[in-house]
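Written below as structure tokens is the structure these notes are about.
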Amino acid sequence: MKVAALLATRATRAHRKAWTAVFAALTLTSLLLGAFGLTLVSAWSAHPRVERYAGADLVVAGDQTTRFSAVSLGERETVSAGLTERVRIPRTALTVVRGVSGVRAAVADVEFPVGLAGSAATGSATGSATGRPWEAARLAPYALRTGRAPQRADEVVVAGGGGPERGGADRVGQRLTLRVGGHDMAYTVVGVADGPRTAVWFTGAEARRLSGHPEALDAIGVVAESGTGAGELAGRVRKALDTAGVTDVGHRADGDPATVRVLTGDDRGEAEFLAAAPARGELLAALGSVAGAVVLVSLLVVSSTIVQALRQRSHELGLLRAVGATPRQLRAAVGREVGRVAAWAALVGAAGAAPAYLGLRALLDARGALPTGLELTLLPPLWLTPLVTAAVTVLVAQVAALIGGARTATARPAEALRERAPGRGRGITGLVLLGVGASAAGTAALQRGATAAAAAGAAAVTMVIACAVLGPWIAEGAMRLLGAPLRLFGPGGRLAAANCAASAHRLGAAITPIVLVTAFAGVQLSGGATLTHAGDAQARQVLRADLAVHADGGLPAGAVERIREVPGVRAATEIVPGTVLLARSQLGAPELERLPVFGVTPEGLTRTLDPGPRSGDLARLRPGTVAVGADRADSLGVRPGSTVTLRFGDGQEARLRVVATYQRSIALGDFLLSRDDLLRHTSMPAASGAGRVLVATAPDADRKAVTNALARAVPGARVEPDPAPVRGEAAEQALAEVVSVAVVGAVGGFTVIAVLSTLALIATGRRPELRLLRLAGAGRGQLRRMLRLEAAATVVTGLVVGAAVASVPLLAFSMATTGTLPYLPPAQAAVIVSVVVATAAAGSLPPVWGTLRGRYPR
């Protein structure tokens with residue numbers, strides 16, 4: 001081992017420039033893995049923020065998880081998904097909890113949307129708020145600043161710190177007009193309390209009435225008696241609820257138990273921020289896939305860089321073999337060299353992981369990828385995660401060194417002194433990987449949604465690896481095609497064509513990172529852009545309405561009917577966004593898919609919206625029925641008259657009869673439901689955008705006059721000209737966009753390093769060749785043209801092959817999901833090409849400027 005240590009020490013000093021590229025690649029690997037690792041563990045330890053129930057020792061709430069089981073490969077598997085709408089519990093649970101020993105107080109809590117108006121006289125809407133019973137304020141606790149608690153049905157307490165947007169609502173004695181459930185009522189402010197600015201507190205009886213479900217509760221906050229531990233009390237409450245047989249409100253699916261939960265500690269926040277828990281699971285899955293992609297890409301890049309660095313020293317390693325060095329000694333020497341470089345690079349990258357993590361957190365927050373209330377926490381021991389990822393980086397480097405040095409170390413001395421053609425095994429491996437990638441693309445063509453996207457991503461990864469394996473043959477084929485055009489550029493072109501044809505393996509090493517960035521960036525960016533582009537196009541086709549009417553706190557009862565009676569109004573449709581879950585078996589495995597949907601009123605629907613009817617009659621859409629997108633109907637094998645089983649956002653299951661199918665499901669979602677059906681399962685309908693009425697005016701109507709008439713017909717409502725297109729947005733779309741940016745940024749960074757280092761190493765190794773060409777009579781201008789044309793051939797080949805690799809899974813994905821060709825915004829495509837061209841130019845020419853400078857070669 002002393003020989004290996006000596007060789008490693010000397011080689012590291014002698015080949016600092018070659019190892020600089022490896023150092024840069026490993027530093028970036030360690031930094032990215034550390035940043036994603038910190039984000040992953042912070043998501044793993046994340047929990048919803050506890051605000052309203054901070055003063056409660058435990059909270060009793062509904063089970064916000066739905067489950068689905070199926071038999072897969074002879075074993076029963078169960079999957080679960082978080083519910084984003086409120087699962088309520090029966091009021092009888094309050095009596096049960098109050099009877100438990102050790103309970104000091106049990107407070108019922110309900111929540112409902114409230115529309116704020118400036119005063120009873122004006123009736124002008126000024127914003128939205130949230131209503132709750134005053135008794136629940138003690139659970140935070142929120143204390144009175146001034147005034148008193150509400151005692152009568154027409155009295156309220158508001159949050160302090162009012163301003164113009166609250167219309168001075170924090171002044172005791174002021175009269176307010178509040179809209180709840182579409183009804184305007186006047187209230188007197190009798191107190192001002194701490195708490196969120198959008199909070200309004202009513203008496204308990206009034207809050208139960210306004211909530212719309214007087215026999216159900218959102219949650220129960222429990223305060224323990226002095227000396228009673230929260231864990232002990234939670235066990236007693238759990239036992240009492242089980243003994244009494246208390247379950248969630250509503251019909252759940254078979255195999256999906258409706259068990260009331262007893263929450264303590266940080267889990268109490270799950271009863272406040274319903275979207276936090278589902279988002280946590282989606283974030284973990286997304287970050288896990290990103291981390292896997294980073295490891296794979298880093299292995300490719302680091303392997304390519306190390307192989308190229310060792311290839312420049314093939315003569316030196318052959319000479320060492322000739323003077324008696326054994327393969328084991330050479331492998332040990334190379335391993336020690338890489339280990340030293342990797343150790344320092346991993347530590348430098350780990351040091352930058354924390355700032356990169358904070359930057360990723362800021363990006364997630366800026367793009368709204370995380371729901372309100374989800375706290376990404378990091379316990380002190382978890383800050384050591386970059387050290388673990390640094391060890392992974394060193395392991396990746398050692399594996400790459402083992403792969404890169406295996407062939408040179410085992411070669412006989414005479415063989416090590418000459419270039420060897422790639423073996424047949426390498427070619428067979430590459431072809432097999434291409435076949436596997438094509439199969440994955442075929443799977444993407446047969447699937448939908450997340451399954452199709454995952455299959456397309458797997459196909460791209462597999463085919464990129466195949467191209468890396470087949471690099472020499474791809475380069476050789478490309479040079480046969482580009483040889484003739486290159487020769488048209490005079491002596492420099494002929495030199496470039498001859499050199500590229502003679503060194504296909506070298507060109508293949510330079511092409512691989514370009515193929516990598518083109519394929520990865522193309523798939524990641526084009527996949528989301530294709531869906532967005534097709535959805536926007538459909539949304540513009542769907543909308544036929546000229547105006548939209550909506551109001552905070554909901555439209556008043558009968559508003560849609562009054563709107564339809566306004567002169568000049570041809571049709572009016574109320575539309576409510578929401579989500580459903582589709583439980584089904586995919587290839588034998590259970591799956592719960594969350595889908596955006598709309599609830600609509602069917603009267604005059606096709607005059608305000610054009611879903612593109614294919615079969616059936618959309619006018620028959622009533623409670624208990626559903627219209628299904630054409631692609632989803634084909635995948636489920638349903639048609640008008642069939643039944644579809646769906647789970648609403650609150651977990652309740654319903655069997656719905658299909659009355660129609662339609663084409664434009666990218667914009668409208670896969671299911672159109674009755675408005676009344678969807679609203680019954682929406683916890684905060686006004687907060688989620690309910691009460692929006694799309695209005696189609698008559699061709700000869702005066703739109704300004706109709707707008708004024710609508711404002712008079714529905715006091716307090718807002719009338720919008722040229723309404724925004726109707727588009728169902730997936731809940732995790734913002735997160736997917738951030739993940740795509742992160743993946744493309746990581747791959748782009750790796751590619752810049754890989755292309756620069758590979759081309760710089762190639763150029764450095766060609767200095768003797770360039771000197772010989774100059775001595776043979778080649779001019780400096782001819783050699784510069786040769787190098788530029790070689791770089792151009794490398795860029796063109798890499799871009800074309802990368803685009804071809806990306807097009808296979810993208811075509812399968814886009815045809816399966818949108819029925820259109822893939823779309824990539826021209827600006828993004830230009831950025832990819834520009835980065836590749838600039839990087840290739842920087843890696844090809846500067847390293848040999850010294851050799852081409854002056855009258856005589858140096």
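The shortest distance between side-chain heavy atoms of V549 and R692 does not fall below 4.5 Å.
Scanning for side-chain contact (heavy atoms from CB on, under 4.5 Å) contacts around E232 gives R236, with sequence neighbours left out. With sequence neighbours excluded, the residues that form a side-chain contact (heavy atoms from CB on, under 4.5 Å) with E206 are A153, Y187, F202, T203, R209, L210. A search for ring-ring contact (aromatic ring centres under 6.0 Å, His included) contacts involving F648 returns H681, not counting sequence neighbours. Applying the ring-ring contact (aromatic ring centres under 6.0 Å, His included) test to W201 and every residue at least two apart in sequence or in another chain returns W134, Y142. With sequence neighbours excluded, no residue forms a side-chain hydrogen bond (donor to acceptor under 3.5 Å, both in side chains) with S211. In this view, D218 and R86, R88, V110, E111, H213 satisfy the side-chain contact (heavy atoms from CB on, under 4.5 Å) rule, not counting sequence neighbours. The side-chain contact (heavy atoms from CB on, under 4.5 Å) test applied to R238 returns L241, D242, T259, V260, V262, not counting sequence neighbours. Qualifying side-chain hydrogen bond (donor to acceptor under 3.5 Å, both in side chains) partners for E51, counting only residues two or more places apart in sequence or in other chains: R49.
A salt bridge links R252 with D248: the distance from a Lys NZ or Arg NE/NH1/NH2 to an Asp or Glu carboxylate oxygen falls below 4.0 Å.
Residue pairs meeting the side-chain hydrogen bond (donor to acceptor under 3.5 Å, both in side chains) criterion with at least one partner in residues 57-66, sequence neighbours excluded, are D63-R67, T66-D256, T66-R647. Pairs engaging residues 35-64 under the ring pair (Phe, Tyr, Trp, His ring centres under 6.0 Å) rule: none recorded [sequence neighbours left out].
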Report, one line per pair, each donor and acceptor closer than 3.5 Å where one atom sits in a side chain of residues 92-108; sequence neighbours left out.
unit_1, atom_1, unit_2, atom_2, d
R98, NE, A106, O, 3.2
R98, NH2, A106, O, 3.2

Indicate every side-chain donor-acceptor pair of residues 356-364 with a distance under 3.5 Å to a residue at least two apart or in another chain.
unit_1, atom_1, unit_2, atom_2, d
Y357, OH, R361, NH1, 2.9
R361, NH1, L376, O, 3.3

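For the salt bridge (charged side-chain N to carboxylate O under 4.0 Å, His left out) criterion with D194, the lone passing option out of R145, R138, R52 is R145.
Here the closest non-hydrogen pair linking A279 and L374 is CB-CD2, 4.5 Å. Here the closest non-hydrogen pair linking A271 and A61 is CB-CB, 4.0 Å.
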